Amino acid sequence: MASKPGPLTQWPWHNLGNYKYALVAPSAAYSTYRFVTASSAAERDLLNFMVFPMLLLRLLYGQLWITVSRHQTARSKHKIVNKSLDFEQIDRERNWDDQIILTALVFYLVSATMPQAHVAPWWSTKGMVVTAVLHAGPVEFLYYWLHRALHHHWLYARYHSHHHASIVTEPITSVIHPFAEEVVYFVLLAIPILSTVATGTVSVVTANGYLVYIDFMNYLGHCNFELVPKCLFHVFPPLKYLLYTPSFHSLHHTQFRTNYSLFMPVYDYIYGTTDKSSDELYERTLQGRDEAAWRPDVVHLTHLTAPESVFHNRLGFAAVASNPLGAAASGHLLRAASAVASPLLSLFASTFRSEANRLDKLNIETWVIPRFTSHYTSKSDGYKVSRLIEKAVSDAEASGARVLTLGLLNQGYDLNRNGELYVVRKPSLKTKIVDGTSLAVAAVLNMIPQDTKDVLLLGNANKISLVLTLSLCKREIQVRMVNKELYECLKQQLQPEMQEHLVLSCSYSSKVWLVGDGVTDEEQMKAQKGSHFVPYSQFPPNKARNDCVYHCTPALLVPESFENLHVCENWLPRRVMSAWRAAGIVHALEKWDGHECGGRVTGVQKAWSAALARGFRPYDYHHHPGITHDGRGGL
């Protein structure tokens, strides 16, 4: 929103949400019906019929630019503006498709009111020439002066400041404007198309090709990484005045009073508004930053979960990824799209970078194994997954990473013995493997209500259940279990003086349940009303009860200084990070020298105290921010 919103700032369909596409449906259906039922090829209105396919194509095209841009900026080397992107900007730019819908409605209106458009052929050379000349002349010239006028303080405060609120631009930033401002742009950019319609030189390729050109140049100028090769300007030097670059336009967003041109910098050169650092910034960003400046210190290795997580990834749908997984209103649409995208993604042979963050001069990256939870639980895919993880460990070491955290099922015991396999195979491994057990247990302990005397432990016997049980026994809290196998497994690993706090029971009467993997709905139904379900598992349990309290999986609020965080980690809320992921960051900040994998444990209190000292804060759904008056956890 502009700093002082003017008239017609809000788009007419602002309150419709995704139902705004229904505005196009009647015209699209009628256009298709007319095209299909036309008695001859001469009666078919090609230009009108192509409006809806072009809408879909432009949506896909815009999303591809988002994905490619975010993939490139995650690598950081050729990034232009190295500042933080936040959730506020993502929310502001979530309706980037508004202008595509408006274009479709305008095209349908033109078709209905200008009979000349009904007989448009596929191609017209004259139409192409007219479009090119009118764009390079009147459109670019008028836009330049319009843009300068929009930077007048009255118009800027009421309209254009909304666009300039984004210092770190993404491709879709290019089309984020108040409605009134966008309408003015439409009138200006319609000059070539309406002129070709009026002169009878319009064609399907020219009209729609002009839209693609506008989209391409808009997205190019706002992608925040330099990609225009220098050789183009060497082969044809005048191109410098006809084609802007991402770095050229980024200076307009950082300096505000320079580089006003639409796509052709010629008018900036004519009127002396070219930023003096344009050439230097282009050279520097094209060359890229030194490897030492962007190589990761910490790598968090995660994987895809459900099929819809393909689009919840940072490289997927920006508006979806900025909210917890499963919170998107268009869940059915996501699942349908995932059915197509998931098999394709599984063909990827190695990990990919999805996120790059920064905290206290620490470069932090998130790498994704392109496999789903189902691959990890499948015996036939286990070996392939293990090889992908091992390669990621090697790549992390080669990149200079000091710490690698194993997120979600990447630390499975059956897969790699909680990461110990990679240390055994390579004892000289410089990158420290962290499974995050200590901090995860600390986060669980913090969620347990104060004055708790006994808990019921459910789930499977694993490293975290052992460390959690040991920590509870040290605090003289009785740990009850109904699973004899789990009881015997944990009991034999506890010291004799601790075993007295371990009880095999047939009762489900405890008010606090510590739930791990494998807890069923039937077991949950045995809990008393008002019981607390506190997960210690990577994945949240299914919420089978409405009269009980479900706590969050082990997680922490990130420090305020944590930069470039604009996606949610799976089902967690904004600016909340899983304890396993946070553990690696704390490990690197503290410069601890050992691994935390296999049977090795950093220490619950040691990890917790270090995390709090570094600005992390406890998190829980029900007593956010989850810290007591003395800044310590519930226990």
Side-chain angles (χ1 to χ4, degrees), residues 70-77 79 81-87 90 168 224-225 289-303 313-315 321-322 351-369 389 392-393 395-408 410-411 419 430-436 439-440 443 554-570 572 574-592 595-597 602 607 610-617 619:
R70 288 190 160 197
H71 179 260
Q72 289 295 324
T73 54
R75 297 174 62 189
S76 301
K77 184 177 181 180
K79 189 184 292 185
V81 180
N82 193 28
K83 293 184 178 180
S84 183
L85 188 66
D86 55 26
F87 284 106
I90 302 301
V168 181
N224 199 33
F225 69 96
R289 293 187 295 162
D290 292 337
E291 183 180 351
W294 61 272
R295 67 184 181 187
D297 297 299
V298 179
V299 171
H300 176 62
L301 187 64
T302 185
H303 63 82
N313 186 275
R314 179 178 174 270
L315 307 186
S322 64
T351 61
F352 60 88
R353 291 179 180 87
S354 69
E355 193 173 350
N357 310 106
R358 192 168 176 82
L359 175 65
D360 297 344
K361 298 182 179 181
L362 208 66
N363 292 328
I364 305 160
E365 291 186 358
T366 298
W367 295 3
V368 180
I369 300 282
I389 299 173
V393 172
D395 291 343
E397 184 179 32
S399 69
R402 289 150 47 189
V403 174
L404 180 137
T405 55
L406 298 173
L408 298 179
N410 287 322
Q411 58 170 268
K430 295 180 180 179
T431 300
K432 305 306 175 186
I433 306 296
V434 174
D435 62 21
L439 193 56
L556 296 95
L557 278 163
V558 300
E560 290 295 326
S561 58
F562 196 90
E563 298 178 13
N564 207 37
L565 185 60
H566 48 271
V567 296
C568 291
E569 184 181 349
N570 296 314
L572 297 174
R574 293 180 171 185
R575 297 196 68 80
V576 175
M577 179 181 292
S578 69
W580 291 275
R581 182 180 175 187
I585 297 172
V586 173
H587 202 97
L589 289 170
E590 295 295 320
K591 298 181 180 179
W592 290 331
H595 299 279
E596 186 182 36
C597 59
T602 298
L612 296 182
R614 292 294 182 172
F616 288 91
R617 289 293 176 264
Y619 177 80

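Being a predicted model, the structure only gives us computed values, none of them experimental.
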Notebook entry, point to check: Quick check: does any side chain N or O of Thr602 sit under 3.5 Å from a backbone N or O of Glu596, one acting as donor and the other as acceptor?
Noted result: no
Check: In Å, rounded to the nearest 0.5 Å, how long is the span from CD of Glu365 to CG of Leu404?
Finding: 11.0 Å
Next item on the list: Taking the side chain as every heavy atom from C-beta outward, state whether Leu362 and Ile585 have any pair of such atoms under 4.5 Å apart.
Entry: yes
Margin query: Within the structure provided, determine whether Ile364 and Phe562 are in side-chain contact (heavy-atom separation under 4.5 Å).
Written below: yes
Notebook entry, point to check: So, Arg402 and His587: side-chain donor and acceptor under 3.5 Å apart, yes or no?
Noted result: no
Margin query: Counting C-beta onward and ignoring hydrogens, is there a side-chain heavy-atom pair between Phe616 and Leu439 closer than 4.5 Å?
Written below: no
Note to self: Hydrogens and angles aside, do Thr405 and His300 bring a side-chain donor and acceptor to less than 3.5 Å of each other?
What the structure shows: yes
Check: Rounded to the nearest 0.5 Å, what separation is found between the CD atom of Glu560 and the CZ atom of Arg617?
Finding: 10.0 Å
Notebook entry, point to check: Minimum heavy-atom separation for Gly419 to Leu406, with atom names?
Noted result: CA-CD1, 3.6 Å
Next item on the list: Enter the distance from Asn357:CG to Met577:CE here, rounded to the nearest 0.5 Å.
Entry: 6.5 Å
Check: Between Glu569 and Val576, is a side chain to side chain contact (heavy atoms under 4.5 Å, CB included) present by the stated rule, with each step listed?
Finding: CA-CA 7 Å; Glu569 184 181 349; Val576 175; over 6 Å; no
Notebook entry, point to check: So which heavy atom on Ala579 is nearest to which on Ala443, and how close?
Noted result: CB-CB, 4.3 Å
Margin query: For a quick test of reading the model, state the closest non-hydrogen atom pair linking Cys568 to Ser322 and the distance between them.
Written below: SG-O, 3.4 Å
Notebook entry, point to check: How far apart are the C-alpha atoms of Thr366 and Arg581, what are their side-chain angles, what is the distance that settles it, and do they pass the side chain to side chain contact (heavy atoms under 4.5 Å, CB included) test?
Noted result: CA-CA 9 Å; Thr366 298; Arg581 182 180 175 187; 3.4 Å; yes
Notebook entry, point to check: Which pair of heavy atoms, one from His303 and one from Gly407, lies closest together, and at what distance?
Noted result: CD2-O, 4.1 Å
Next item on the list: Would you check if the side chain of Asp435 reaches a backbone N or O of Gln411 as a donor-acceptor pair within less than 3.5 Å?
Entry: no
Notebook entry, point to check: What is the distance from atom CZ of Arg358 to atom CG of Asp297, rounded to the nearest 0.5 Å?
Noted result: 8.0 Å
Margin query: Can you give me the closest heavy-atom contact between Leu565 and Ser84, atom names plus distance?
Written below: N-OG, 4.4 Å
Notebook entry, point to check: Does the side chain of Leu408 come within less than 4.5 Å of Trp580's, by heavy atoms?
Noted result: no
Notebook entry, point to check: Picking from Leu359, Val168, Leu85, what satisfies side chain to side chain contact (heavy atoms under 4.5 Å, CB included) with Asn564?
Noted result: Leu85
Check: Is there a side-chain contact between Phe225 and Lys79 (heavy atoms, below 4.5 Å)?
Finding: no
Checklist line | Lys/Arg-Asp/Glu bridge criterion (N-O < 4.0 Å) met for Glu590, Lys432 | finding: no
Notebook entry, point to check: Are any side-chain N or O atoms of His595 and backbone N or O atoms of Ile433, one a donor and one an acceptor, separated by less than 3.5 Å?
Noted result: yes
Next item on the list: Nearest 0.5 Å please: distance from the CG atom of Leu589 over to the CZ atom of Arg614.
Entry: 5.0 Å
Check: Quick check: does any side chain N or O of Asn224 sit under 3.5 Å from a backbone N or O of Val81, one acting as donor and the other as acceptor?
Finding: yes
Check: Which heavy-atom pair separates Ser354 from Ala74 by the least distance, and what is that distance?
Finding: C-CB, 4.1 Å
Notebook entry, point to check: Between CD of Glu355 and OG1 of Thr302, what distance do you get to the nearest 0.5 Å?
Noted result: 10.5 Å
Notebook entry, point to check: Given side chains that start at C-beta, do those of Asn313 and Phe352 come closer than 4.5 Å, heavy atoms only?
Noted result: yes
Check: Is the backbone N or O of Val567 less than 3.5 Å from a side-chain atom of Arg314, with the two atoms forming a donor-acceptor pair by type?
Finding: no
